[in-house]
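So the structure is just underneath, and the comments pick up after that.
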2 protein chains.
Amino acid sequence: MIDQRLKTLRIFANCGTVAATAELTGYSPSAVSAQLRELQRSLGMQLLSKEGRGVRLTAAGRQLVRGADTLVADWELLRASAFNADDQVPGHLGMGGFSTAAAHLLAPLAQHLRVERPAVEVELVEAHPEHCLNLLVAERIDLAVIVSTQAGLRSDDDSKFEQVTLLNDPLDVIVPKDHPLAGRSHLHLEELAGEQWITDAEGSVYRALFTAAFAAIGQMPRIAHQAKEWETMSAFVGAGLGVGLLPRLAVLNGLEGVSRVRLAGANHPTRRIVAAVRRGSMEAPLIRESLEFLQEEAARILRVRLAEGG
Amino acid sequence: MIDQRLKTLRIFANCGTVAATAELTGYSPSAVSAQLRELQRSLGMQLLSKEGRGVRLTAAGRQLVRGADTLVADWELLRASAFNADDQVPGHLGMGGFSTAAAHLLAPLAQHLRVERPAVEVELVEAHPEHCLNLLVAERIDLAVIVSTQAGLRSDDDSKFEQVTLLNDPLDVIVPKDHPLAGRSHLHLEELAGEQWITDAEGSVYRALFTAAFAAIGQMPRIAHQAKEWETMSAFVGAGLGVGLLPRLAVLNGLEGVSRVRLAGANHPTRRIVAAVRRGSMEAPLIRESLEFLQEEAARILRVRLAEGG
DNA sequence: TGGATTCGTGCACAATATCTGCATGATCGA
DNA sequence: TCGATCATGCAGATATTGTGCACGAATCCA
């Protein structure tokens with residue numbers, strides 16, 4: 001309902017470049033450029049100025065973007081209240097999540113909605129947590145299941161999103177089968193401080209999680225190799241290249257050659273899995289219902305996992 | 001910046017019919033109809049239902065319209081703050097007012113702006129007070145000078161507009177030249193309670209003003225004839241058909257046959273002339289500047305009138 | 001330093017959305 | 001029952017908006 005051009009400006013403010021905005025929104029770069037030009041013309045304001053080979057926001061542009069968060073949240077709230085007023089639901093619901101979430105949480109939700117709300121056309125997208133938030137802003141999806149870093153979201157995201165914690169997924173250690181610690185039922189992270197570690201590249205959510213886990217015990221582990229996928233990491237570990245951290249919920253196809261050991265300790269590392277929606281939309285019946293289902297499903301999963309192995 | 005379809009819905013909520021909405025917005029009726037249909041489709045909500053030969057809002061529609069006021073005000077505020085952030089002004093400014101206001105207040109303002117802000121394209125519209133407010137909502141104009149009834153605006157208009165009082169225009173009495181009271185310098189409204197009165201039709205702003213003036217002294221005067229224009233009323237009075245109330249600022253071409261007498265008394269009747277803008281837009285530099293000019297101009301006019309005849 | 005890359009923008013053309021004018025059916029008032 | 005008013009749908013015209021490509025500018029890398 002907010003003008004498309006203003007939405008584009010917001011996304012541009014997040015990305016910083018026209019090209020990235022185009023990719024995120026699905027427009028071509030020239031369309032984004034034209035939209036921003038047209039926005040400035042119709043408002044009679046200069047919003048962008050050249051900066052090197054790119055463009056950056058002027059004071060007026062920044063002011064506009066800052067206030068736009070409130071505007072969008074107000075609209076979401078209004079839309080939600082209108083749905084409530086007649087107990088109607090929208091015809092489409094887009095949901096995004098990272099791999100594990102997509103498999104364990106969103107798939108059951110989609111199945112549930114297909115039964116309970118057959119009129120709603122559900123669309124699933126698998127994407128990395130950071131990308132999910134961008135898709136949320138761009139309104140490509142309406143609900144995202146992401147890994148929250150300990151620090152939480154970026155500060156300015158508080159005005160864009162609302163979150164619900166779904167579950168705290170504990171991190172296990174995977175070590176080669178012939179590792180001295182492989183037989184243990186539990187161990188402490190401190191015991192592994194001297195190991196060679198395998199984790200994701202700098203800047204990723206998993207790396208941030210990894211760093212935070214060791215920061216909590218005052219250690220700075222040695223990172224020997226990088227892997228993006230759990231399967232890859234598992235293979236590396238199996239080859240004796242090092243050890244790694246693996247979320248409890250991540251199930252591996254083949255565990256040959258590796259051994260999963262639980263971490264003990266007062267505050268053993270976990271990854272917090274949260275559902276995020278655009279601020280204001282949480283009041284919408286369909287969103288509320290979906291979030292409740294996700295919380296129940298998360299609780300169910302936790303119960304199953306506890307039963308599986310204490 | 002708010003979607004055109006939602007704006008149309010708001011205006012429809014004011015008018016009640018598609019046809020009136022079309023007239024006010026400048027669209028054709030089928031365009032309005034199509035916009036509302038499209039709005040419902042894109043929101044996945046039913047907003048209208050058939051009612052006789054017209055349509056009326058559903059609960060969801062009413063909820064949407066109610067909240068839209070806040071949304072629009074937030075946008076106006078945001079736009080104004082963005083203008084302030086770079087000290088820029090829009091390229092166009094529409095202003096509306098009823099006849100006297102258009103002549104005495106808006107014309108000097110337009111002249112002032114042509115000198116001070118040559119880049120701004122100024123547009124003047126003469127329209128009745130009620131219509132001015134509709135034009136304000138429809139964004140055909142950005143500033144309106146209207147007569148405020150004692151009761152103020154309608155209650156739900158408070159969320160749509162902000163007002164500034166420009167001046168209190170006292171009401172004089174015009175009587176036939178040969179009337180017993182014609183020579184008096186001042187007189188009290190009570191002395192005229194038994195006269196035959198000439199005023200505008202039921203439902204008009206002037207009629208409301210008239211009624212309020214007599215209600216204040218607990219009288220219900222006898223209305224003998226109706227006239228829309230001051231000139232018409234003056235002619236009626238000159239023909240001996242009755243007496244009438246005439247605002248001080250209303251200057252008549254010919255005053256032959258009639259005599260203007262001032263009203264005395266603690267709270268002699270006045271019409272309050274106010275400037276109204278869309279809520280939120282008062283922070284915009286150009287609007288603020290215009291309002292200040294209008295207040296000064298109003299004060300100047302009052303001084304001149306006071307000098308003319310104490 | 002020079003070539004490759006990335007970025008934003010403009011233009012011609014295509015696709016889409018939107019408006020108008022008219023015809024139609026429904027409803028209301030006289 | 002007739003005329004007026006109202007909303008809506010459709011066909012065609014119009015305006016808006018998007019795409020693909022080319023270009024110039026700025027940056028990066030070797």
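We name chains A, B, ... by the order of the sequence lines, and we start the count at 1 in each one.
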Take B/Ser290 and B/Leu93 through the test side chain to side chain contact (heavy atoms under 4.5 Å, CB included) and record every step on the way to the result. CA-CA 10 Å; B/Ser290 298; B/Leu93 180 71; 3.9 Å; yes
Quick one: do the [X] and [Y] side chains pair a donor with an acceptor below 3.5 Å?
X	Y	answer
B/Thr58	B/Gln46	no
B/Gln35	B/Arg5	no
B/Arg66	B/Gln63	yes
B/Glu38	B/Ser42	no

Rounded off to whole Å, could you give me the NZ-to-P distance for the A/Lys7 and D/dT17 pair?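 Rounded to whole Å, this separation is 14 Å.
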For B/Arg5, which contact category applies under a 4.0 Å heavy-atom criterion: base, sugar-phosphate, or nothing?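 Since only primed, P, OP1 and OP2 atoms lie under 4.0 Å of B/Arg5, the category is sugar-phosphate.
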Please work out if B/Gln35 contacts a base, only the sugar-phosphate, or nothing of the nucleic acid, heavy-atom cut-off 4.0 Å.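 The residue B/Gln35 makes sugar-phosphate contact but no base contact.
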Check: A/Ser281 and A/Asp142 side chains under 4.5 Å, non-hydrogen atoms: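 Not in contact.
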Of A/Glu38 and A/Gly52, the one whose closest DNA chain D nucleotide lies more 5':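 Here A/Glu38 is the residue nearer the 5' end.
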Where does the chain A footprint on DNA chain C start and end, counting 5' to 3' with a 4.0 Å heavy-atom cut-off?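 Result: C/dT5 to C/dG10.
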Measure from the ring center of A/Trp197 to the ring center of A/Phe236 and say whether it is less than 6.0 Å.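 So the answer is no for these two rings.
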Enumerate all atom pairs, one protein N or O and one N or O from nucleotides 7-11 of chain D, separated by less than 3.5 Å.
unit_1 : atom_1 : unit_2  : atom_2 : d
D/dA7  : OP1    : B/Val18 : N      : 2.7
D/dA7  : OP2    : B/Val18 : N      : 3.0
D/dA7  : OP2    : B/Ala19 : N      : 2.8
D/dT8  : OP2    : B/Ser33 : OG     : 2.9
D/dT8  : O5'    : B/Ser33 : OG     : 3.4
D/dG9  : OP2    : B/Arg37 : NE     : 2.8
D/dG9  : OP2    : B/Arg37 : NH2    : 3.2

Please confirm whether the backbone N or O of B/Leu135 pairs with a side-chain atom of B/Arg140, one donor and one acceptor, at under 3.5 Å?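 Side chain of B/Arg140 to backbone of B/Leu135, a donor-acceptor pair under 3.5 Å: no, none is there.
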